[in-house]
Amino acid sequence: MRPEAKLAIGPPIEDGFYYDIDADPPLTEEDFAAIESEMEKTVRADYPFERGEWSKDEALAHYERAGNPYKVELIRDLDDGTITYYRHDDFVDLCRGPHLPSTGKIKAFKLLSVAGAYWRGDERRPMLQRIYGTAFPSQKELDEHLRLLAEAERRDHRKLGKQLDLFSFHPEGPGFPFFHAKGMIVLNQLMEFWREEHRKRQYGEVRTPIILERKLWEQSGHWDHYKENMYFTQIDERDFAVKPMNCPGGMLIYKATLHSYRDFPLRLAEVGTVHRHEKSGVLHGLFRVRVFTQDDAHIFMTPDQIQDEVIGIIDFVDAVYKVFGLEYAVELSTRPEKSIGTDEMWDLATSALRNALDTKGIAYKLNEGDGAFYGPKIDFHVRDCLKRSWQCATIQLDFAMPEKFDLDYVGPDGNLHRPAVIHRVIYGAIERFLAVLIEHFGGAFPTWLAPVQCVVIPISDGQNAYACQVRDRLFEAGLRVEADLSDDTMKYKIRAAQTQQVPYMLVVGDRERESGAVSVRHRRKGDLGAMPLDAFVSRIQEEIALKALDDAVEAL
RNA sequence: GCUGGAGUAGCUCAGUCGGUAGAGCGCAUCACUCGUAAUGAUGAGGUCGGGGGUUCGAUUCCCCCCUCCAGCUCCA
């Protein structure tokens, strides 16, 4: 089809494969049908894959003759003296292989998308077209995979955010989310829970300003390391910056008073709004925004308190994520090349993190050299509906800020010492965490989080007055309740409530009115039958108090 | 930021080979008074993302910009 196109690299990935191609004019989705029919022919012919070997020189000669600089570069970078390749029909390609004995084993495949990708992931190098596709041994498995993709689309938080009236974006504020009344209910419930959990764990809460003088950011190192992502302004002819992180402000609070080792560990939480100038192309719903709220905390302590403190935070994250039924993956990142501090400090800090993880028996992935320049860190990753992984909680040890801000405390010996500092977040960014929850629950929040917890549905307008009584009684009981007094049919009102993922629908007709009851319908369990209004109130209040997930509803 | 794609009613989308647009849902009004996922009728609602150009005439063709989508790069 495109004899001049140059193949670059094409590995298998989870659920499929991609191939980077240098083609001019660029490939588009309109080319997919033609490519797929070529693939179809190849599959039907059932060519065997034949393994072959070249010496490095032979391989280089082959691709230099073909005028393919990408393969030449790949071969040059290979350490092996012999290069394996695979051949089917007249097509030869470098491959460690083997994947399959013959082309006929591919029973079902589909090209999914095409997008640009930098050669070898380097933005200074040419951009190629990357074609993504997927293949399965049977049509049935392909169909199942495509069904999962469609389900993921249904759960997409951007779509549900609109449908459920939770938040919106506007061209006037790219990357700056607007939270609607219903979205704020969820966020506020999350924060109420958060504050209670922090109170239990002896945290204080502080708040620092959004805008602070440039001098402060020069002192903290942000001016040197993070300027490109910051917003600036002027006040009375002095230079100021909008904070991209909360730590410098937190350091000033620490320095405002004298500290004793007796007060350690000193845990100061801050629900801090930060602004970061992210590149336009990386913005992604609530997952990647330009203003977000970190459920931050800075913990000041002696170095020998680090390990216990880290264990405490790991338990904290686990306890919080369990409430939502969220699964997570843990990563430990160690000292990067460009970093500050002594080897001794890094060893102490890294082993404290490692020991904490080992003590908890937590499996983790090691990211050698991926830590922050000021210290190692433990990250907690949660996957979205398309299996993309997002960092949420993180625990970071910091040796830089205590130095830069000359922090100290009075030790048992009466002398001044340098404290250790941990930065940590539990939700991470509340916006991102909300997005994770929307996709995790598919919009069907557990009752304690649901913007509307129950809708009263009169069967006809003869029961409107009773429906209002029921609504008022539930409102008095502290529930988020609405009465649907529209002149739609009962079936229609049920559908409307189901569509909005309201946990409980309370159907009231003459029978219920006469007995002071409600007919309870749960959005997943269906019709639960009639019960006295008070019985329903205690049931739902218990469910809310327990923060029960939907699949636990039956047990109540 | 880069490559490619898209932007038409509140939402989801159709349409115009250049003569200023249509559906479903939603909304409003009226009728219906209904027992667990859609009762019917009528009506309102759009400077076709923004600016410039070509043209007698641009939502449609061309250029620039904005925003969104997929991916890449980035992500203390």
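Keep in mind the model is a prediction, meaning the values are calculated, not measured. In what follows, chains carry the letters A, B, and so on, assigned in the order in which the sequence lines appear, proteins first and then strands, with residues in each chain numbered from 1.
- Here the nucleotide nearest the side chain of A/Lys279, chosen from B/rA70, B/rU36, B/rU73, is B/rU73.
- Here the P atom of nucleotide B/rC11 and the CD atom of A/Gln500 are 15 Å apart, to the nearest Å.
- Taking a cutoff of 4.0 Å between a charged side-chain nitrogen and a carboxylate oxygen, A/Glu36 and A/Lys110 do not qualify as a salt bridge.
- Going from atom CG of A/Asp487 over to atom P of B/rC32 covers 11 Å, rounded to whole Å.
- With hydrogens and angles ignored, a donor-acceptor pair under 3.5 angstrom links the side chain of A/Arg288 to the base of B/rC75.
- Among the protein residues, A/His170 comes within range of no part of the nucleic acid, since none of its heavy atoms lies under 4.0 Å from any strand.
- Note on A/His423: nothing from the nucleic acid sits closer than 4.0 angstrom, heavy atoms only.
- Using C1' as the reference atom, B/rG22 and B/rG46 are 11 Å apart when rounded to the nearest Å.
- Rounded to an integer number of Å, the gap from A/Leu283 CG to B/rC66 P is 13 Å.
- Under 3.5 Å, the side chain of A/Ser113 and the base of B/rG4 form no donor-acceptor pair of N or O atoms.
- B/rC68 is paired with B/rG5 under the criterion used here, namely a Watson-Crick or G-U wobble arrangement in which both key atom distances are under 3.5 Å.
- Relative orientation of the A/Phe176 and A/His275 rings is tilted, given thresholds of 30° and 60° on the angle between their planes.
- For A/Asp398 and A/Arg424, the salt-bridge test fails: no basic side-chain N is under 4.0 Å from an acidic carboxylate O.
- Taking every side-chain heavy atom of A/Tyr492 into account, B/rC25 is the closest of B/rU36, B/rC68, B/rC25.
- Taking the six-membered ring where tryptophan is involved, the planes of A/His298 and A/His423 are perpendicular, since the angle between them exceeds 60° and thus also 30°.
- Look at B/rG19: its Watson-Crick or wobble partner, with both distances under 3.5 angstrom, is B/rC56.
- Comparing the same atom, P, in B/rG24 and in B/rA44 gives a spacing of 14 Å after rounding to whole Å.
- Each of A/Thr499 and A/Tyr374 was matched to the nucleotide of RNA chain B holding its nearest heavy atom; the match closer to the 5' end belongs to A/Thr499.
- Here A/Arg290 does not reach the OP1 or OP2 of B/rC75: none of its side-chain N or O atoms lies under 4.0 Å away.
- A/Glu73 has a carboxylate O that lies under 4.0 Å from a charged side-chain N of A/Arg125, or vice versa, which qualifies the two as a salt bridge.
- Between A/His284 and the phosphate of B/rA70, there is a side-chain N or O to OP1/OP2 separation shorter than 4.0 Å.
- Using atom C1' as the reference point in both B/rU29 and B/rC65, the two lie 43 Å apart (nearest Å).
- For A/Arg154, the CZ atom sits in a packed shell: over 12 heavy atoms of surrounding residues, nucleotides or ligands are nearer than 6.0 Å.
- Counting distance only, with no hydrogens placed and no angle test, the side-chain atoms of A/Ser280 and the base atoms of B/rU67 include no donor-acceptor pair under 3.5 Å.
- Looking at the side chain of A/Thr489, the nearest of the listed nucleotides B/rA70, B/rU39, B/rG1 is B/rU39.
- Ranked by how close their nearest RNA chain B nucleotide is to the 5' end, A/Tyr226 and A/Arg120 are led by A/Arg120.
- Rounded to an integer number of Å, the gap from CZ of A/Arg158 to C1' of B/rA6 is 14 Å.
- The aromatic rings of A/Phe287 and A/Trp390 lie parallel to each other, with less than 30° between the two planes, well short of the 60° mark.
- For B/rG71 and B/rU36, the P atoms lie 44 Å apart once the distance is rounded to whole Å.
- Within the 4.0 angstrom heavy-atom criterion, only backbone atoms of the sugar-phosphate kind lie near A/Tyr132; the bases stay farther away.
- Nucleic acid contact for A/Thr394: none, since no nucleic acid atom lies under 4.0 Å from a heavy atom of the residue.
- Here B/rC72 is the nucleotide among B/rU67, B/rG35, B/rC72 with the atom lying nearest to any side-chain atom of A/Met127.
- Defined by atom type and a distance below 3.5 Å, a donor-acceptor pair is missing between the side-chain atoms of A/Gln391 and A/His381.
- Spacing between B/rC34 and B/rG49 at atom P, rounded to whole Å, works out to 47 Å.
- Among the atoms of the strands shown, base atoms are found under 4.0 Å from some heavy atom of A/Glu512.
- The same atom, P, is picked in B/rA41 and in B/rC32; the two are 16 Å apart, to the nearest Å.
- When rounded to the nearest whole Å, the span between CZ of A/Arg513 and P of B/rU33 equals 16 Å.
- Nucleotide B/rA37 holds its P atom 20 Å from the CD atom of A/Gln163, rounded to whole Å.
- Judged by distance alone with a 3.5 Å cut-off, a donor-acceptor contact links the side chain of A/Tyr118 to the base of B/rG1.
- One atom, NZ of A/Lys493, and another, P of B/rU33, lie 14 Å apart when rounded to the nearest Å.
- Ring planes of A/Phe300 and A/Tyr254: parallel class, angle under 30° (limits at 30 and 60°).
- In plain terms, the two heavy atoms of A/Gln498 and A/Arg523 that are nearest each other are NE2-O, 3.3 Å.
- Considering only side-chain N and O atoms, A/Arg276 lies nowhere under 4.0 angstrom from the phosphate OP1 or OP2 of B/rC75.
- The partner of B/rG40 is B/rC30, by the rule that a Watson-Crick or G-U pair needs both atom distances under 3.5 Å.
- Nucleotides B/rC13 and B/rC69, compared at atom P, are 14 Å apart to the nearest Å.
- Base pairing of B/rC25 is made with B/rG10, judged by Watson-Crick or G-U wobble geometry with both donor-acceptor distances under 3.5 Å.
- Using a 4.0 Å heavy-atom distance criterion, A/Asp165 is classed as making no nucleic acid contact.
- If you check B/rA37, B/rU36, B/rU73 against the side chain of A/Val282, the one that comes closest is B/rU73.
- If you take atom P in B/rC62 and the same atom in B/rC30, they sit 50 Å apart, rounded to whole Å.
- Taking the side chain of A/Lys162 as heavy atoms from C-beta on, and the options B/rA37, B/rC11, B/rC75, the nearest nucleotide is B/rC11.
- Residue A/Gly509 is classed as a base contact, given a heavy-atom separation below 4.0 Å to a base.
- Within 4.0 Å of A/Val114, counting heavy atoms only, lies no atom of the nucleic acid at all.
- For A/Ile459, taking side-chain heavy atoms from C-beta onward, the closest of the listed nucleotides B/rG35, B/rG1, B/rU67 is B/rG35.
- Interface remark: the A/Arg521 side chain does form a donor-acceptor pair with the B/rA37 base, using a distance-only criterion of under 3.5 Å.
- Counting non-hydrogen atoms under 4.0 angstrom, A/Asn229 reaches nothing in the nucleic acid.
- A/Gln498 has its CD atom 20 Å from the P atom of B/rC25, to the nearest Å.
- At the heavy-atom level, A/Ala115 lies under 4.0 Å from base atoms of the strands shown.
- Residue A/Arg124 is classed as having no contact, given no heavy-atom separation below 4.0 Å to the nucleic acid.
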